[in-house]
Amino acid sequence: MKYDFTAIEKKWQQKWKEANAFHAVTGDATRPKFYGMVEFPYPSGNGLHVGHARPYTAMDVVARKKRMDGYNVLFPIGFDAFGLPTENFAIKNHIHPAIVTERNIKTFTSQLEMLGYSFDWDRVVDTTDPGYYKWTQWIFLQLFKHGLAYKTSMPVNWCTSCKCVLANEEVVNGVCERCGSEVVRKEKSQWMLKITEYAQKLIDGLDSVDYIDRVKTQQKNWIGRSTGAEVNFQTTEGDVLTVYTTRCDTLFGATYMVIAPEHAYVEKWKDKLTNYDEVAAYVRKAASKSDFERTELAKEKTGVRLEGVRAVNPVNGKEIPIFISDYVLATYGTGAIMAVPAHDTRDFEFAQVFGLPIIQVVASADGALVDLSKEAFTDVATGVMVNSGFITGLSVEEAKAAMIEYLEKNNIGHAKVNYKLRDWVFSRQRYWGEPIPIVKCDKCGYVALPESELPLLLPDVESYETTDDGESPLSAMTDWVNTTCPCCGGPAKRETDTMPQWAGSSWYFLRYMDPKNPDALASKEALDYWGQVDWYNGGMEHTTLHLLYSRFWNNFLHDIGVVPYAEPYYKRTSHGMILGEGGEKMSKSRGNVVNPNDIIDEYGADTMRTYIMFIGDFAKAAAWSSKAVAGCKRFLDRVWNLQEQCGQDDAYSPANEAAIHKAIKKVNEDIEAMKFNTAIATLMALTNDFYANGCTKGDVKALITMLSPVAPHLCEEMWENLGYAAEGMICQQKWPEYDESKTVAATVEVAIQVSGKLRASIQAPAEIDDAGVVALAMEDNRIQKQSEGKNLVKQIVVRGKDKKIKLVNLIFQ
RNA sequence: GCCGGUGUGAUGGAAUGGUAGACGUGACGGACUCAAAAUCCGUUGGUGGCGACACCGGGCGACACCGUGUGGGUUCGAGUCCCACCACCGGCACCA
């Protein structure tokens with residue numbers, strides 16, 4: 001019988017559909033629930049990429065396995081369809097983006113179906129569907145009503161090519177993440193979301209979830225919590241200049257201060273500065289620099305001394321100069337620092353350039369002064385304070401505490417926590433996104449649209465292009481823009497910016513629970529039943545963007561009582577990239593892109609699935625190998641051919657029994673731990689055993705049951721061919737049971753070491769005791785050779801998890 | 001610079017501190033075949049001498065030593081743990 005994968009795969013995809021086999025039942029109390037999720041794709045015109053197939057297949061295997069374990073599984077899919085590529089395609093080809101989106105979704109859907117994924121197709125969400133974005137807008141209004149959405153004029157990242165504002169997260173190495181063009185700073189009025197308000201919650205929440213460590217540390221670093229103090233410096237002009245420092249212990253070593261070029265005091269002190277022209281010139285120059293120039297290119301420290309104003313060090317009363325320099329950021333802390341060149345690398349460099357005094361206040365552990373001629377001394381672990389008045393002699397940690405106490409007592413400062421995290425720039429001057437449901441009234445200011453008017457539909461426009469002055473295409477639609485104020489009834493204008501692509505993906509996991517609900521983002525019943533996403537797998541590149549944003553929204557929704565859990569995802573894992581055949585990134589220009597459709601045509605979806613799971617460690621990058629794909633097809637052929645040569649017995653054959661029980665255990669554990677490659681290796685080895693030993697129908701039944709999450713179509717067909725159709729489809733079967741006692745054969749192989757070196761390997765009865773196995777080992781002639789003329793002084797007997805002896809180590813002297 | 005990760009045959013990769021290299025690829029040998037493909041069976045980390053078969057070619061067997069980026073250490077025993085270093089990859093990057 002030939003393995004006609006094309007016909008088989010079509011047949012079973014149809015049967016699963018007819019049987020509604022992967023339907024998730026909201027409210028089913030008879031089974032435990034399992035909610036597994038993959039990142040929904042952006043439906044680009046290029047179609048599905050092999051990069052999608054890896055995480056999707058992995059979660060599909062997990063979902064299928066969980067069903068076999070008796071869970072009520074929710075494994076949904078959807079489309080994150082707003083966004084630039086579609087819009088750019090629409091502009092170029094004069095097609096409405098909605099039509100492009102619909103077409104792309106169709107292509108993606110057929111490709112996903114071809115791969116045999118067990119999604120619940122009744123729960124598909126599409127972020128561009130008004131029934132969906134109604135609730136995206138609704139959540140925005142809740143954020144607005146709770147003061148977490150605000151509009152402000154600020155310098156933003158402006159992509160010169162996309163003519164669009166970018167979030168900090170979308171700027172990579174000074175260029176636009178999407179198109180690679182230069183990003184400059186531009187003053188614009190923008191909607192912002194106060195994610196900073198949730199900085200601490202987003203750190204604390206990580207303690208209650210099971211994310212891989214890489215994700216946790218990256219999120220923590222991104223949020224960038226630091227603890228320190230704010231310190232007030234009096235100035236000779238009677239102002240108070242407040243700085244933030246993490247090293248208040250070094251206050252006695254502060255020999256000058258620096259404020260950011262954007263600091264308000266530059267203007268405030270305008271009349272008092274004798275060199276204001278020079279200062280103003282520096283401020284202008286700093287403002288015109290892009291972030292890229294300000295960081296990457298400006299290695300050498302620059303700045304201007306503010307002549308005419310000086311500050312007073314609050315702990316020793318010394319007058320110190322004040323500078324402006326672009327190495328101090330306006331957006332962090334107070335935009336001003338106290339500079340301690342002896343113990344901060346950047347301050348040290350600046351002091352070198354300007355010839356400023358360097359006073360050592362931290363010495364090495366033994367109290368000896370350190371050489372400061374070349375670099376700052378920044379060791380905080382062992383340092384001891386010197387030249388520091390009342391904190392002299394304390395360790396750095398003790399000094400920090402003592403100093404904060406002193407500052408607070410004397411009212412010149414206090415402990416303070418700061419975060420690197422910035423608020424989220426939420427406006428885009430583009431067409432293909434959710435309209436922001438706000439109107440601006442001259443009398444009432446920014447007013448929320450009544451919730452009854454949601455969804456605020458995206459109107460049709462003549463042109464999808466951003467206007468020349470960088471405004472949204474919607475701004476040209478005067479009919480739409482001009483409206484009345486919901487508050488006072490007077491004339492008002494609609495907001496013309498749209499939301500960023502991250503909006504729709506920040507809550508889609510909630511919509512899957514109840515995707516068609518017109519009255520709420522999801523019913524309380526559905527939210528309570530499905531709770532958290534139990535397992536969410538996705539790319540590392542989303543760690544500081546999508547993953548953080550969606551945690552923020554969900555935390556907020558929890559705070560206002562909409563969802564039952566603060567944290568949306570219980571477990572987060574991440575997959576490695578699929579590289580091209582030569583180990584390089586797949587790209588059109590390199591011509592090494594693998595199209596899943598081609599693999600399916602040549603070998604079938606089951607081979608594609610098996611290979612993509614077998615390719616290597618799931619968490620690591622892996623290079624495509626067409627040879628290895630053929631190897632996986634060979635494996636499936638070998639499995640297929642077993643059905644014609646196996647015996648008719650339903651029981652396991654004695655020759656394979658132990659291996660089968662071991663495999664059941666191993667594959668079970670491996671799937672749970674995402675070690676798909678070794679799970680498949682185990683099944684390959686088992687298949688090899690079947691060929692070597694012969695096998696029964698029962699043996700094959702066990703094999704295909706275990707293989708079915710990975711290669712479902714083939715296994716369904718074999719299941720039917722072997723005559724098990726009456727028991728239902730294989731995807732509805734229970735995972736086979738294993739018996740620990742049967743995983744061991746009657747005799748075991750025991751490795752015999754002498755002083756830790758392997759010298760022999762002997763067969764021993766499985767039930768032998770320690771003394772018996774040592775005696776047996778001593779009889780072996782290879783061991784006798786090693787022990788000649790010596791006495792046995794020590795023996796170590798090692799047993800495996802199954803309590804059977806694995807290894808004996810003998811020490812002779 | 002800071003944070004995280006990785007380093008194992010020709011190759012993708014396996015190994016709760018316990019027989020390093022599972023499984024796949026490639027290569028080599030054999031069976032089947034007129035032949036090839038496919039399939040099936042076997043071999044495959046390096047080095048060394050030894051034994052016997054055979055003897056112009058060759059394969060066979062048992063054994064020893066070395067071997068998981070480098071150098072140390074802990075341990076009866078280290079790819080795995082600790083210390084120092086090297087290389088590569090990812091993230092952040094003047095965040096005071």
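All chains are named by letter (A, B, ...) in the order of the sequence lines, taking the proteins before the strands, and each is independently numbered beginning at 1.
Side-chain proximity of A:W222 to the nucleotides B:U25, B:C92, B:C76 is greatest for B:C92. For A:I796, taking side-chain heavy atoms from C-beta onward, the closest of the listed nucleotides B:G18, B:C94, B:A96 is B:G18. The A:K794 side chain lies nearest to B:C76 when the options are B:C76, B:G24, B:C3. Distances were taken from every side-chain heavy atom of A:A751 (C-beta onward) to each of B:A96, B:C23, B:U19; the shortest belongs to B:U19. When each of B:G24, B:A96, B:C3 is scored by its nearest atom to the side-chain atoms of A:D344, the top-ranked nucleotide is B:A96. Nearest nucleotide to the A:N809 side chain, out of B:G4, B:U19, B:G18: B:G18. Here the side chain of A:K675 is nearest to one of B:U19, B:G7, B:A15, namely B:A15. Comparing B:C94, B:C23, B:U6 by their closest approach to the side chain of A:Y327 singles out B:C94. Taking the side chain of A:K757 as heavy atoms from C-beta on, and the options B:C66, B:G26, B:C63, the nearest nucleotide is B:C66. Of the candidate nucleotides B:A96, B:G18, B:G13, B:G18 has the atom lying nearest to any side-chain atom of A:L807.
Taking atom CZ on A:F323 and atom C1' on B:A96, their separation rounds to 17 Å, with Å as the unit. Rounded to an integer number of Å, the gap from CG of A:D617 to P of B:G90 is 17 Å. In this structure, CG of A:D379 is placed 15 Å from C1' of B:C2, rounded to the nearest angstrom. One can place NZ of A:K220 at 20 Å from P of B:C2, the figure rounded to the nearest angstrom. Taking atom CD on A:E541 and atom P on B:G91, their separation rounds to 10 Å, with Å as the unit. Here the P atom of nucleotide B:A96 and the CE atom of A:M257 are 16 Å apart, to the nearest Å. With rounding to whole Å, A:Q219 atom CD is found 13 Å from B:C92 atom P. The distance from atom CD of A:E375 to atom P of B:C2 is 11 Å, rounded to the nearest whole Å.
Ion pairing between a basic and an acidic side chain is recognised when a charged N comes within 4.0 Å of a carboxylate O; A:K220 and A:D213 show no such pairing. Ionic pairing of A:E39 and A:R572 is present here: one or more N-O contacts between side-chain nitrogen and carboxylate oxygen are shorter than 4.0 angstrom.
Within the 4.5 Å cutoff, the side chain of A:D606 has no heavy atoms near those of the A:W640 side chain. When side chains are defined from C-beta on, A:N418 counts as touching A:Y332, because their heavy atoms get closer than 4.5 Å.
Across all strands shown, A:Q218 has heavy atoms under 4.0 Å from sugar-phosphate atoms exclusively, and none from any base.
Minimum heavy-atom separation, A:F5 to A:E602: CZ-O, 3.2 Å.
In this structure, A:N313 CG and A:T255 OG1 are separated by 9.5 Å, a value rounded to the nearest 0.5 Å.
Between A:Y256 and A:F350, the gap from one ring centroid to the other is short of 6.0 Å.
B:U68 and B:A62 have their P atoms separated by 26 Å, with the value rounded to a whole Å. For the C1' atom pair drawn from B:U44 and B:G24, the interatomic distance equals 14 Å after rounding to whole Å. Look at the C1' atom in both B:A14 and B:G79: the space between them is 11 Å, to the nearest Å. Of the C1' atoms belonging to B:G29 and B:C85, the separation is 46 Å, rounded to the nearest Å.
A donor and an acceptor atom, one from each side chain of A:D347 and A:Y327, are located under 3.5 Å apart. Side-chain contact of A:N656 with A:D689: a donor-acceptor pair under 3.5 Å is absent, judged by distance alone. Inspection of the A:T196 and A:D423 side chains reveals an N or O donor paired with an N or O acceptor under 3.5 Å.
Taking 4.0 angstrom as the limit, A:R759 places a side-chain polar atom (N or O) nearer than this to OP1 or OP2 of B:A64. Phosphate contact (OP1/OP2 of B:C23, side-chain N/O of A:T678, threshold under 4.0 Å): absent.
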Subject >> Which nucleotides of RNA chain B pair, in dot-bracket form (Watson-Crick or G-U under 3.5 Å, | meaning another strand) >> reply: (((((((..(((.....[....)))((((((.......))))))((((.((.(....).)).))))..(((((..]....))))))))))))....
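Counting distance only, with no hydrogens placed and no angle test, the side-chain atoms of A:Q753 and the base atoms of B:U19 include no donor-acceptor pair under 3.5 Å.
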Original post:
Could you run down nucleotides 37-48 of chain B 5' to 3' and tag each one B, S or - for protein heavy-atom contact under 4.0 Å?
Top reply: --SSS-------
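Within the cation-pi definition used here (under 6.0 Å to the ring centroid, within 45° of the axis), A:R638 qualifies as a partner of A:Y691.
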